[in-house]
Amino acid sequence: MKSFLAIVFLAAILLGAWWLFFKTEKTISEPKQEAIKIGKHTPEFNQNISNAVSAYMAMKDAFVEADTFKVKNEGQNFIVTIDSLKLSSLEKEDSQILISARQEISDIKANAEAILRENNITEMRQDFRMVSENLYPFLKTIGYEGQNLYWQNCPMAFGEDKEGNWLSTTREIINPYLGKNHPDYKSSMLNCGETKDTLK
């Protein structure tokens, strides 16, 4: 009787080991299929957003150089791209998203237009800070589908306790508030800041 139980016990162990081996092997050998990512926006809508982001980046780069003439030119181009955004397609997804996006666009445009009225680079940078503070949530609201963008921060953009944020296409910090030609720091604070978030 004991030998019979031992044989049954041994058979159960062998059967269990065999089952585990083949189940694990099957799991390893079958590659998992990845879900196809389908964008929710039309290619035309995404291209318009991409154009606005590119115009913003050109304006940001002009701030790095502290070139007020170029800032105004790029700021005007940015306003044109913002005006050309057709947000009505967002209503198909959610009317609340459309309402939020329109409000953020209105705020973005108001601050971009303020840049054009200024001549003092510090005041222009303050308005650019507000453009950035509205553009970032706008891109999140609409479900941005473009290239990776990095939300970056300088804790002393306008003095020791006044921070400034901006968007960048690279992780490298190139500070538009302290820039290359700052009156106090020259270019020594060009890389001051850190990445806080990534829009993918």
Chemist: Would you say Asp184 and Met189 make side-chain contact, with heavy atoms under 4.5 Å?
Modeler: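 No, their side chains stay 4.5 Å or more apart.
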Chemist: According to side chain to side chain donor-acceptor pair (under 3.5 Å), who are the partners of Thr195, at least two apart in sequence or on a separate chain?
Modeler: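 Checked Thr195 against side chain to side chain donor-acceptor pair (under 3.5 Å); matches are Gln152.
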Chemist: Hey, is the main chain of Ile142 close enough, under 3.5 Å, to the side chain of His41 for a donor-acceptor pair?
Modeler: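 Checked: pair present.
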Chemist: Are the side chain of Glu145 and the backbone of Asn46 linked by a donor-acceptor contact shorter than 3.5 Å?
Modeler: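 Such a contact is absent between Glu145 side chain and Asn46 backbone.
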Chemist: Output yes when a side-chain donor or acceptor of Ser187 lies under 3.5 Å from a complementary backbone atom of Leu190, and no otherwise.
Modeler: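 Flag not set: sc Ser187 to bb Leu190 has no pair under 3.5 Å.
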Chemist: How long is the straight-line distance from CZ of Phe78 back to CG of Asn111, given to the nearest 0.5 Å?
Modeler: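 One gets 10.0 Å once the value is rounded to the nearest 0.5 Å.
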Chemist: Taking side chain to side chain donor-acceptor pair (under 3.5 Å) as the definition, give me every residue that meets it alongside Lys60, ordered by chain and number, with sequence neighbours left out.
Modeler: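 If we apply the side chain to side chain donor-acceptor pair (under 3.5 Å) test to Lys60, skipping adjacent residues, there are no hits.
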Chemist: Can a salt bridge be assigned to the pair Glu65 and Lys70 using a cut-off of 4.0 Å between side-chain N and carboxylate O?
Modeler: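 Lys70 and Glu65: not salt-bridged.
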Chemist: Asn134 and Glu104: side-chain donor and acceptor closer than 3.5 Å?
Modeler: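 On atom types as modelled, these side chains do not qualify, holding no pair under 3.5 Å.
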Chemist: Phe128 pairs by ring-ring contact (aromatic ring centres under 6.0 Å, His included) with which of Trp166, Phe158, Tyr56?
Modeler: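 That would be Tyr56; it is the only one of Trp166, Phe158, Tyr56 passing the ring-ring contact (aromatic ring centres under 6.0 Å, His included) with Phe128.
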Chemist: I need the Ile97 CD1 to Thr141 OG1 distance, nearest 0.5 Å.
Modeler: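 Separation between the atoms: 7.5 Å.
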Chemist: So which pairs with a foot in residues 112-129 pass side chain to side chain donor-acceptor pair (under 3.5 Å), sequence neighbours left out?
Modeler: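 Every side chain to side chain donor-acceptor pair (under 3.5 Å) pair that includes a residue of residues 112-129, provided the two are not neighbours, is Lys72-Asn119, Gln126-Arg129.
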Chemist: Rounded to the nearest 0.5 Å, what separation is found between the CG atom of Asn77 and the CG atom of Asn51?
Modeler: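 That separation rounds to 11.0 Å.
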Chemist: Rounded to the nearest 0.5 Å, what separates atom CG in Asn148 from atom CG in Leu199?
Modeler: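 Reported to 0.5 Å precision, the distance equals 8.5 Å.
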Chemist: Is it true that Asn48 and Glu44 share a donor-acceptor pair across their side chains at a distance under 3.5 Å?
Modeler: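 Per modelled atom types, Glu44 and Asn48 side chains form no pair under 3.5 Å.
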Chemist: Return the CZ to OG distance between Phe138 and Ser100, rounded to the nearest 0.5 Å.
Modeler: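 Answer rounded to 0.5 Å: 11.0 Å.
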Chemist: Please step through side-chain contact (heavy atoms from CB on, under 4.5 Å) for the pair Leu149 and Val53, ending with a clear verdict.
Modeler: CA-CA 9 Å; Leu149 296 177; Val53 168; 4.0 Å; yes
Chemist: With a 4.0 Å cut-off, would you call Lys140 and Asp197 a salt bridge?
Modeler: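 So Lys140 pairs with Asp197 through a salt bridge.
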Chemist: Given side-chain contact (heavy atoms from CB on, under 4.5 Å), test Phe69 with Glu74 step by step and report yes or no.
Modeler: CA-CA 9 Å; Phe69 179 76; Glu74 300 300 351; over 6 Å; no
Chemist: Decide yes or no on side-chain contact (heavy atoms from CB on, under 4.5 Å) for Met130 and Asp107, but give the supporting numbers first.
Modeler: CA-CA 8 Å; Met130 293 311 301; Asp107 293 340; over 6 Å; no
Chemist: Assess the residue pair Ile105 and Asp83 against the criterion (side-chain contact (heavy atoms from CB on, under 4.5 Å)); give the C-alpha distance rounded to whole Å, side-chain angles, the decisive distance to 0.1 Å, and a yes or no.
Modeler: CA-CA 9 Å; Ile105 284 293; Asp83 277 338; over 6 Å; no
Chemist: My understanding is that only residues two or more places apart in sequence, or in another chain, count here; which of them pass salt bridge (charged side-chain N to carboxylate O under 4.0 Å, His left out) with Lys196?
Modeler: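 Lys196 satisfies salt bridge (charged side-chain N to carboxylate O under 4.0 Å, His left out) with Glu194 only.
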Chemist: I'd like to check the ring-ring contact (aromatic ring centres under 6.0 Å, His included) partners of Tyr144; sequence neighbours left out, ordered by chain and number.
Modeler: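 Tyr144 satisfies ring-ring contact (aromatic ring centres under 6.0 Å, His included) with no residue once adjacent residues are dropped.
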Chemist: Would you give the length of the straight line joining atom CG of Leu139 to atom CG of Leu135, rounded to the nearest 0.5 angstrom?
Modeler: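 Leu139 CG to Leu135 CG: 4.5 Å, rounded to 0.5 Å.
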Chemist: When you compare the side chain of Asn165 with that of Trp151, does any pair of heavy atoms fall below 4.5 Å?
Modeler: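 Yes; the side chains approach each other to less than 4.5 Å.
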Chemist: Applying the 4.5 Å side-chain criterion to the ILVMFWY set and letting contacts propagate, would Ile173 and Val64 be lumped into a single cluster?
Modeler: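 In one cluster: no.
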Chemist: Please identify each residue that fulfils side-chain contact (heavy atoms from CB on, under 4.5 Å) with Thr170, with sequence neighbours left out.
Modeler: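 side-chain contact (heavy atoms from CB on, under 4.5 Å) check on Thr170 returns Ser168, Glu172.
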Chemist: Tell me whether the centres of the aromatic rings in Phe63 and Tyr177 are closer together than 6.0 Å.
Modeler: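 Ring centroids of Phe63 and Tyr177 are no less than 6.0 Å from each other.
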